[in-house]
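None of these values were measured; they are calculated from a predicted model. Proteins get letters first, then strands, A, B, ... in listed order; numbering begins at 1 in each.
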Amino acid sequence: MNLIEELEWRGLIHDVIPGTQEQLEKEQTTGYVGFDPTAPSLHIGNLVPVVLLKHLQRAGHKPIVLMGGATGRVGDPSGKDKERQLLDAEVIESNVLTQTAQLQKFIDFENTDNGAILVNNYDWFKDMNFLDFIRETGKHITINYMMAKDSVKNRLEGGMSFTEFSYQLVQGYDFLKLYVDYDCKLQMGGSDQWGNITTGTELIRRKAGGEAFALTAPLIKKADGSKFGKSEGGNVWLSSELTTPYEFYQYWLNTSDEDAENYIKVFTFLSRSEIEEIVENHNKEPHLRKLQKRLAEEVTKLVHSEKALNVARASTELLFGRGSVSMLHGMEDDEILSVFDGVPQANLNDAVGMGIADLLHESGFLASKGEARRALKENSISVNKEKVNEAFVLEEKALINQKYVLLQHGKKKFFLLSTIPG
RNA sequence: GGGGAGAUACCAAAGUGGCCAACUGGGGCAGACUGUAAAUCUGUUGUCUUUCGACUUCGGAGGUUCGAAUCCUCCUCUCCCCA
């Protein structure tokens, strides 16, 4: 199976420039993906282009990771219906650093043959002179061509600044620059990048007389049409500071059958036969959720670590499995804390003797006392995994290790409260 | 520059002097069912109060009134049409 076929089977191909496969077969090809440092961490949506680079590298080609220190300062209009707020230079710089560190986990930069290269387009744009740019680059692309792009067309009504309009030219120049400096002939990205990418190939054709290729991956969606990568806390981030490995693991574990089957192809590097076997097994015994479990394991391991995965699994087993709270008794404090690492927690002194409604609110678990009372009426509150009613008062004997209480709202929301008995 | 329309809770959208903490839909949360799935059904969705009820909320600031989301004045912002 060649690379394009492989990506196609995984559902990672939206568009390809004809001739791309021939190019990949002809020689070791250098290909790049750009990341705009608009947030302090990558999120799981960014995982798609990462996966593309990794597949490219696994197929023996050479990846370039481009950090958009410059493009991040401009703002990509693709897929946006409104002009965006410009980010401060310091914020961008710090985002570049953190995102770079994250990317280095996924792609091999060491290998002598096809180790990845890291570049930052700010390096070639920071001293670029505006007049030089419009004379040497702008001259090759007509504004008729630029206005035909969806990212621009969609904004002609509502308005768009010259800055965002220029974005495709800036990104196009990146491709040209990499083509000239690194013989980079391929750009990959999400489908929203198609317009920007083709501006690049066009520039390479006109200015350098060369031929360049591209492929894009479709936007990942959920089967019900809602947005991929959002949990109740917002984005699912790759940084364990923003999304704990437990939450991360849970996100994947909770995917629907239909989504899980697509995701395991997109986000893991398991072989086709292996995936087909997993799916088949899953269809035989769907209630075992083997598919979701495997997906969650693989992705958590890829993004975090084997160790983080084990902690996430231990918490999951304790909170959702047969394991009861009594398992916690006798564990050392630091063991308990490590199991609950991903679970929101708080400290509240003098919690013993408090009514449950106050406890839920004072601890910060639920937003208000009204909400706590409502939840109690709905019979959705548990303490140490036992349902409780409004009359419940926390007693000292309920504390695990004389210190901890596990609060729970509904099936999936947990909260660990630590307290010092008065 | 001229004329017109509008701003209501997370979003959309009713409400045009008291029955409005505000119809309805979406979303959120929970319950039932199940497999931590999907679909479906049910409840709930300003704060405080066990209940009664109290308080804050309808772009902002004032005013009229026993009483205002609703009427008046000014301000801010958004959209549309004609130049």
List every contact pair, protein side and nucleotides 24-27 of chain B side both N or O, where the distance is under 3.5 Å.
none

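- Residues passing the ring-ring contact (aromatic ring centres under 6.0 Å, His included) test with Phe125(A) are Tyr173(A), sequence neighbours excluded.
- At whole-Å resolution of the value, CD in Glu317(A) and P in U36(B) are 12 Å apart.
- For Lys126(A), the salt bridge (charged side-chain N to carboxylate O under 4.0 Å, His left out) test picks out Asp123(A), with sequence neighbours left out.
- Every pair passing side chain to side chain donor-acceptor pair (under 3.5 Å) that includes a residue from residues 297-309 of chain A is listed here, sequence neighbours excluded: Arg294(A)-Glu298(A), Glu297(A)-Arg313(A).
- Ser256(A) pairs by the side-chain hydrogen bond (donor to acceptor under 3.5 Å, both in side chains) definition with Asp259(A), not counting sequence neighbours.
- Taking CD of Gln250(A) as the reference point, atom OG1 of Thr255(A) lies at 11.0 Å (rounded to 0.5 Å).
- With sequence neighbours left out, the side-chain hydrogen bond (donor to acceptor under 3.5 Å, both in side chains) criterion links Arg374(A) to no other residue.
- Around the CD atom of Glu258(A), the shell of radius 6.0 Å holds no more than 12 heavy atoms that belong to other residues, nucleotides or ligands.
- At a non-hydrogen distance threshold of 4.0 Å, His287(A), Arg289(A), Gln292(A) from residues 287-304 of chain A come into contact with RNA chain B.
- Using atom P as the reference point in both A22(B) and G53(B), the two lie 13 Å apart (nearest Å).
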Under 4.0 Å protein heavy-atom contact, by nucleotide of nucleotides 41-49 of chain B - B base, S sugar-phosphate only:
--BSS-SSB

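- The distance from atom CD of Gln408(A) to atom P of C29(B) is 16 Å, rounded to the nearest whole Å.
- If you take atom P in C79(B) and the same atom in C74(B), they sit 23 Å apart, rounded to whole Å.
- When the P atom is compared between A39(B) and G26(B), the two are found 14 Å apart, to the nearest whole Å.
- With C1' as the reference atom, C20(B) and A14(B) are 12 Å apart, rounded to whole Å.
- Taking the P atom of each, G35(B) and C52(B) are spaced 40 Å apart, rounded to whole Å.
- Between the CG atom of Asp132(A) and the CG atom of Asp127(A) there is a distance of 11.5 Å, given to the nearest 0.5 Å.
- Comparing Pro286(A) and Ser380(A) along RNA chain B, the residue whose closest nucleotide (by nearest heavy atom) sits nearer the 5' end is Ser380(A).
- Judged by distance alone, the side chains of Gln193(A) and Asp76(A) do bring a donor and an acceptor atom under 3.5 Å apart.
- When the P atom of U50(B) is taken as reference, atom CG of Asn389(A) falls 16 Å away, rounded to whole Å.
- When all heavy atoms are compared, the tightest approach of Thr216(A) to Ser191(A) is CB-CA, 3.8 Å.
- Remark: Phe267(A) pairs with Phe228(A), Trp252(A), Tyr263(A) by the ring-ring contact (aromatic ring centres under 6.0 Å, His included) rule, at least two apart or across chains.
- Note: CD1 (Ile381(A)) to P (C29(B)) measures 14 Å, nearest angstrom.
- Between Asn379(A) atom CG and C29(B) atom P there is a gap of 19 Å when expressed in whole angstrom units.
- A donor-acceptor contact closer than 3.5 angstrom links the side chains of Thr244(A) and Glu247(A).
- Rounded to whole Å, atom P of A32(B) lies 6 Å from atom NZ of Lys387(A).
- Comparing A21(B) with C58(B), their P atoms are spaced 14 Å from each other, to the whole Å.
- The base of U34(B) lies close enough to the side chain of Lys411(A) for a donor and an acceptor atom to sit less than 3.5 Å apart.
- Atom name C1', nucleotides U57(B) and A7(B): the rounded distance is 15 Å, in whole Å.
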So what is the 5' to 3' dot-bracket string for RNA chain B, if pairs are Watson-Crick or G-U wobble with both distances under 3.5 Å, crossing pairs use [ ] and | means the partner sits on another strand?
((((((((.[[[..)..(.....]]]((((((.......))))))(((....)))...[[[[[..)....]]]]]))))))).

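- With A38(B), A30(B), U36(B) as the choices, the nucleotide that has an atom nearest any side-chain atom of Lys413(A) turns out to be A30(B).
- Nucleic acid contact class of Gln250(A) (heavy atoms, under 4.0 Å, all strands): base.
- Between Lys412(A) and the phosphate of A37(B), there is a side-chain N or O to OP1/OP2 separation shorter than 4.0 Å.
- G2(B) and C10(B): their P atoms are spaced 37 Å apart (whole Å).
- Using modelled atom types and a 3.5 Å distance limit, the side chains of Thr71(A) and Asn121(A) yield a donor-acceptor pair.
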Report all side-chain donor-acceptor pairs from residues 135-143 of chain A shorter than 3.5 Å, counting only partners two or more places apart or in another chain.
unit_1, atom_1, unit_2, atom_2, d
His140(A), NE2, Glu136(A), O, 3.1
Thr142(A), OG1, Tyr145(A), N, 3.1

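- Mapped onto RNA chain B by nearest heavy atom, Asn254(A) and His409(A) fall at different nucleotides, with His409(A) at the one closer to the 5' end.
- Proximity of the aromatic rings of Tyr32(A) and Phe175(A) is defined here by a centroid distance below 6.0 angstrom, and this criterion is met.
- Rounded to whole angstrom, the span from the NE2 atom of His282(A) across to the P atom of A37(B) amounts to 12 Å.
- With sequence neighbours excluded, no residue satisfies side-chain hydrogen bond (donor to acceptor under 3.5 Å, both in side chains) with Gln99(A).
- Computed from coordinates, the Glu285(A) CD to A37(B) P distance equals 18 Å when rounded to whole Å.
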